[in-house]
Amino acid sequence: VARRCLCQPAGPDPVLQQTQPNIKDYVLDTDYGTMDYSASGDVTAVLQNAGGIVIPPNPAPPPNSASGCDPADFTGFVPGNIALIQRGTCSFAQKVENATAAGASAAIVFNEGNPGRTDNFGGTLGAPVTIPVLSASFAVGEELAALASPTVRVKTETLSEIRNTVNLLAEKRHHRHSNSNRVVVVGAHLDSVFEGPGIHDNGSGSAALLEIALQMQRGGFRTRNAVRFAWWGAEESGLLGSEHYVTNLSDEERAKIFANLNFDMIGSPNAVRFVYDGDGSDTPDAGPAGSDVIEDVFLDYFAAKGLANKPTAFDGRSDYGPFIDVGIPAGGLFTGAEGLKTAEEAVIFGGEAGIAYDICYHQACDDINNVGSLGLKTLREMSDATAHAIITIGNRRDPLVPPAARARVSRVELDNLPYRGGHLQR
């Protein structure tokens with residue numbers, strides 16, 4: 001069990017309204033929404049652009065914004081004004097912290113304008129802030145940024161309180177010849193965002209692990225290494241469940257964890273078979289030593305089945321994050337969230353190019369109808385690959401990495417891990 005302050009929309013709907021030079025009401029969810037950990041407030045004031053906003057002419061390369069990331073972006077900011085900030089480069093929290101320090105009475109963070117970054121988004125500030133903060137679509141930000149000192153109204157009503165979140169752990173019984181000093185932790189998060197039921201995110205991963213656990217028990221599958229199934233709580237609030245689990249392990253318990261496998265969103269309606277890039281050969285960051293071996297287990301399986309796949313980065317947006325932070329080898333599968341499917345991917349994997357992998361990502365429409373036929377087909381394929389990896393790594397004799405090469409992480413470092421999570425922080 002972990003405890004953490006929780007801030008979420010509550011009460012009447014938030015408001016984003018232009019009052020000068022025009023009167024215009026923007027559309028909730030389509031145009032804007034409340035950011036997680038926003039304060040409550042009702043502010044009408046002049047809107048002032050933060051430095052670094054990039055609005056390109058059309059057609060043009062996608063903008064690359066660092067708006068609000070540096071205190072200098074608020075040079076000359078008039079205290080009491082509302083800050084208009086563009087998404088990109090640094091965390092939302094850093095942008096809003098700089099705006100607050102400059103005296104902003106509220107903030108609007110609009111999307112960056114890159115492919116997959118145009119719509120209103122569900123983002124989090126990671127911890128409670130003292131001003132109301134809304135997210136907005138690129139179109140809204142572009143419109144407001146072009147106006148000369150418009151007046152806008154920002155209204156939010158949020159709930160902030162301390163709540164409990166619970167992890168559910170179940171360890172597969174092992175036979176007397178198994179190595180209980182080597183544990184494979186297999187995880188998926190059970191929670192969803194406030195906006196929707198989360199049938200895909202992450203009912204898909206949670207259901208797959210539950211069925212695999214049941215089949216292993218019913219079929220009498222025995223593994224050489226202990227297999228510990230974990231259904232994490234409060235991933236969407238910042239990996240709270242998995243972070244609490246990892247940071248509260250003793251050094252001895254942490255040393256026993258052989259590998260972490262993570263399954264978060266594995267049945268996207270416009271799916272691609274993504275495998276976490278353990279060796280960093282195709283993405284910016286490799287996982288800890290041994291993650292390459294885990295990646296190869298998945299790649300070999302898909303090759304044997306004749307199923308195409310692509311690498312995806314360890315970007316810290318799911319529950320493997322706390323494990324890789326302490327040097328535990330990790331890997332897993334993913335089928336896509338708000339990113340747009342490319343034309344090449346549509347040819348290889350099916351589905352529709354130019355459309356998000358999951359058009360209902362972090363939305364109310366992530367219900368039982370969201371997964372669709374391609375998603376169900378992919379869910380079956382990814383579930384089979386998941387079961388294969390659990391059994392294969394669960395029976396592995398050789399270490400994934402020599403013990404001497406395992407990272408040593410101090411308690412101070414554990415207590416200062418960065419906030420990360422599926423509910424966007426950047």
Side-chain angles (χ1 to χ4, degrees), residues 1-7 36-37 93 124 126-128 161-174 179-192 202 205-206 209-210 213 225-264 276 287-291 294 314 316-332 390 393-394 399-401 403 405-423 425:
V1 179
R3 293 174 66 83
R4 176 78 173 259
C5 177
L6 174 72
C7 298
D36 279 7
Y37 295 106
T124 183
E161 62 185 12
I162 300 294
R163 292 183 180 177
N164 289 336
T165 178
V166 179
N167 295 327
L168 176 63
L169 302 174
E171 189 158 320
K172 175 72 176 69
R173 291 178 179 173
H174 45 275
N179 186 353
S180 59
N181 289 320
R182 295 208 313 198
V183 181
V184 182
V185 177
V186 184
H189 72 87
L190 269 178
D191 65 314
S192 67
N202 181 37
S206 293
L209 292 196
L210 178 59
N225 307 309
V227 176
R228 185 175 300 157
F229 290 90
W231 288 270
W232 307 117
E235 186 265 2
E236 300 289 5
S237 295
L239 313 184
L240 301 189
S242 55
E243 180 184 275
H244 176 83
Y245 175 80
V246 171
T247 57
N248 284 278
L249 291 170
S250 67
D251 291 343
E252 181 182 4
E253 290 170 329
R254 194 164 72 244
K256 289 181 180 180
I257 297 180
F258 187 56
N260 171 242
L261 304 180
N262 188 73
F263 304 95
D264 184 358
Y276 287 116
S291 301
I294 298 173
F314 280 114
R317 282 179 57 180
S318 196
D319 288 300
Y320 59 80
F323 289 89
I324 65 175
D325 281 335
V326 299
I328 294 172
I390 292 170
I393 297 171
L400 294 171
V401 58
R406 272 298 266 277
R408 297 284 184 257
V409 181
S410 71
R411 177 56 53 185
V412 172
E413 290 174 296
L414 284 172
D415 290 341
N416 289 281
L417 293 178
Y419 167 81
R420 294 192 284 192
H423 206 169
Q425 64 148 348

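Heavy-atom basis, side chains included; hydrogens, waters and symmetry copies ignored.
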**Message:** Has Asn260 got a side-chain atom pairing as donor or acceptor with Val185's backbone, closer than 3.5 angstrom?
**Reply:** yes
**Request:** Could you tell me whether a side-chain N or O of Asn202 sits under 3.5 Å from a main-chain N or O of His189, the two making a donor and an acceptor?
**Result:** yes
**Message:** Check whether Ser318 reaches the backbone of Tyr320 with its side chain - one donor and one acceptor, N or O, closer than 3.5 Å.
**Reply:** no
**Message:** Would you compute the distance between atom CG of Asp191 and atom CH2 of Trp231 and round it to the nearest 0.5 angstrom?
**Reply:** 15.0 Å
**Prompt:** For Gly205, does its backbone N or O pair with a side-chain atom of Asp264 as donor and acceptor, under 3.5 Å?
**Reply:** no
**Message:** How long is the straight-line distance from CG of Leu210 back to CZ of Phe229, given to the nearest 0.5 Å?
**Reply:** 9.0 Å
**Request:** Give me the ring orientation class for Trp232 and Tyr245: parallel if the planes are under 30° apart, tilted from 30 to 60°, perpendicular past 60°.
**Result:** tilted
**Tyr276 side, atom OH; Ile294 side, atom CD1 - distance, nearest 0.5 Å** = 12.5 Å
**Request:** Supply the atom-to-atom distance Phe258 CZ to Leu400 CG, rounded to the nearest 0.5 angstrom.
**Result:** 3.5 Å
**Item:** Main-chain N/O of Lys256 paired with Asn181 side-chain donor or acceptor, under 3.5 Å
**Value:** no
**Prompt:** Got a second to check how far Leu261's CG is from Asp319's CG, nearest 0.5 Å?
**Reply:** 13.0 Å
**Item:** Pairwise distance CG(Leu190) to OG1(Thr165) - rounded to 0.5 angstrom
**Value:** 9.0 Å
